[in-house]
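Start at 1 and go down the list; that is how both ligands and their atoms are numbered. The analysis underlying the following values was restricted to heavy atoms, covering all of them including side chains, and did not include hydrogens, waters or symmetry mates.
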Amino acid sequence: MVNFALVGCGFIANKHSEAISEIEDACIYAVCDKIEQNMVPYKEKHSALTYNDYDLLLQDPNVQVVNICTPSGTHAALAIKAAKAGKHVILEKPMALNEKDANDIILACRANNVKLAVVHPNRFRPALIELKKLLESGAFGTISHINATVRWNRDKAYYSQAPWRGSRAMDGGVLMNQAIHNLDLLLWLMGPVEQLKAFTSTRYREIECEDVAVAIATFKSGALGVIEAATTIYPKNLEESISIFGEKGTAVIRGVHANEFEHLSVEGLSEEQIGKIKNAAMTTQQKSGHAYIIEDMINCISQDNEPLVGGEDGKNALELVLAITKAAESKI
Ligand SMILES: NC(=O)c1ccc[n+]([C@@H]2O[C@H](COP(=O)([O-])OP(=O)(O)OC[C@H]3O[C@@H](n4cnc5c(N)ncnc54)[C@H](O)[C@@H]3O)[C@@H](O)[C@H]2O)c1
């Protein structure tokens with residue numbers, strides 16, 4: 001049994017707790033929050049120990065993994081402290097808000113020989129796994145271009161939930177908070193970006209950061225890309241999509257959360273074979289993305305493997321967010 005401790009008992013901690021409950025060898029041993037009340041459900045439902053002092057939590061020798069679920073601007077300090085205390089880290093996205101903090105987290109985990117997983121759960125969606133397999137097999141040939149879109153709604157009520165939301169110091173805008181998942185997928189599927197031009201704007205929400213962003217990119221492979229991300233869509237989340245166009249294949253993955261093939265054609269594959277791939281992609285995901293990450297952490301600890309989505313992946317996604325933001329600021 002591996003003992004997990006949730007740090008920050010707000011919205012996303014609930015997903016972590018459900019995920020831990022899904023995995024046989026995992027237990028919610030402790031929770032930590034500055035607000036006592038937020039820890040009560042975990043004490044009642046999971047008999048978790050409660051700590052309102054993070055340093056005391058880290059001194060508990062029974063805590064093996066710390067799940068950091070606090071506002072994004074606090075991630076680096078908390079993750080580095082956890083690593084120094086010898087605890088493995090599951091870190092919510094974005095892993096940090098700047099490159100130096102991301103590097104420091106990676107170095108602290110390496111120096112203290114603890115595992116670091118960054119939470120990009122979309123990697124475990126069946127449709128995206130099928131697409132990744134096709135791309136890796138070379139079935140699409142040379143890629144000409146891609147399109148990545150996040151058209152969601154985060155309204156005034158969402159940003160008013162807590163002062164950290166939409167702030168530069170603690171959160172970021174649509175790129176850093178929402179679209180970072182989609183950008184992670186893009187890098188995972190397409191490899192590194194080479195050049196960017198971008199525009200961002202704060203159209204409707206009263207926040208410090210952008211609520212809409214558009215960018216065009218070139219990838220090191222030579223492929224071109226179009227990226228669109230918005231939390232301004234009326235009246236609710238509309239879609240998240242990834243479309244990839246190659247000389248021998250076309251894939252469009254859509255849905256509110258990019259999880260179903262709207263279109264798939266691949267040279268040399270029969271309708272029956274395409275149907276099988278689409279079916280595999282439609283099969284209900286066995287576990288939540290967060291549960292895969294918990295399970296993977298347990299395997300990494302016991303087998304001394306590196307997490308499937310680790311610090312370098314988290315840093316790559318963060319760097320793309322920062323590069324788009326910088327390109328938009330340069331106004332060229
Ligand atoms: N992976 C995903 O799909 C996903 C989805 C939503 C949020 N997130 C990320 O999760 C993080 C938290 O988001 P949320 O929506 O759960 O926020 P939230 O405001 O609902 O919860 C944050 C909690 O952290 C506590 N907290 C703040 N500072 C603390 C500290 N120093 N020590 C202990 N507790 C502290 C707060 O009291 C609160 O209970 C953010 O980084 C966000 O980007 C990820």
Angle class for the F245/H145 ring planes (parallel below 30°, perpendicular above 60°, tilted otherwise)?
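Judged by the thresholds at 30° and 60°, the geometry between F245 and H145 is parallel.
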Plane angle bin for H290 and H16 - parallel if under 30°, tilted between 30 and 60°, otherwise perpendicular:
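Answer is perpendicular, since the angle exceeds 60°.
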Evaluate E319 against N316 for side chain to side chain contact (heavy atoms under 4.5 Å, CB included), listing each step before the verdict.
CA-CA 5 Å; E319 282 177 343; N316 288 341; 4.0 Å; yes
Closest approach of any protein heavy atom to [atom], naming residue and atom:
| atom | result |
| --- | --- |
| atom 42 (C) of ligand 1 | K93 O, 3.7 Å |
| atom 16 (O) of ligand 1 | I12 N, 2.8 Å |
| atom 30 (C) of ligand 1 | K34 CE, 3.7 Å |
| atom 20 (O) of ligand 1 | F11 N, 2.9 Å |
| atom 19 (O) of ligand 1 | W164 NE1, 3.0 Å |
| atom 24 (O) of ligand 1 | G8 CA, 3.3 Å |
| atom 12 (C) of ligand 1 | C69 O, 3.3 Å |

Short N-O contact, [X] and [Y], less than 4.0 angstrom:
| X | Y | value |
| --- | --- | --- |
| E240 | R151 | no |
| K93 | D184 | no |
| E18 | K15 | no |
| D304 | K115 | yes |
| R110 | E312 | yes |

For [atom], which candidate among [options] holds the nearest heavy atom?
| atom | options | answer |
| --- | --- | --- |
| atom 39 (O) of ligand 1 | L78, D33, I35 | D33 |
| atom 40 (C) of ligand 1 | I68, N122, V7, T70 | T70 |
| atom 15 (O) of ligand 1 | R165, H75, M39, Q161 | R165 |

Could you tell me whether E247 atom CD has more than 12 heavy atoms of other residues or ligands within 6.0 Å of it?
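Above 12, so yes.
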Please indicate whether N113 has more than 12 foreign heavy atoms, meaning atoms of other residues, nucleotides or ligands, lying under 6.0 Å from its CG.
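Check fails, neighbour count at 12 or below.
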Would you mind running through ligand 1 and noting each atom that sits below 4.0 Å from a heavy atom of [X]?
| X | value |
| --- | --- |
| P71 | 22 (C), 24 (O), 27 (C), 28 (N) |
| G10 | 16 (O), 20 (O), 21 (O), 23 (C), 39 (O) |
| C9 | 23 (C), 39 (O) |
| S72 | 40 (C), 41 (O), 43 (O) |

With heavy atoms under 4.0 Å as the rule, classify the contact between [X] and ligand 1 as side chain, backbone, both or neither.
| X | value |
| --- | --- |
| H181 | side chain |
| E92 | side chain |
| Y54 | neither |

Decide yes or no on side chain to side chain donor-acceptor pair (under 3.5 Å) for N62 and N3, but give the supporting numbers first.
CA-CA 7 Å; N62 294 321; N3 286 337; 5.1 Å; no
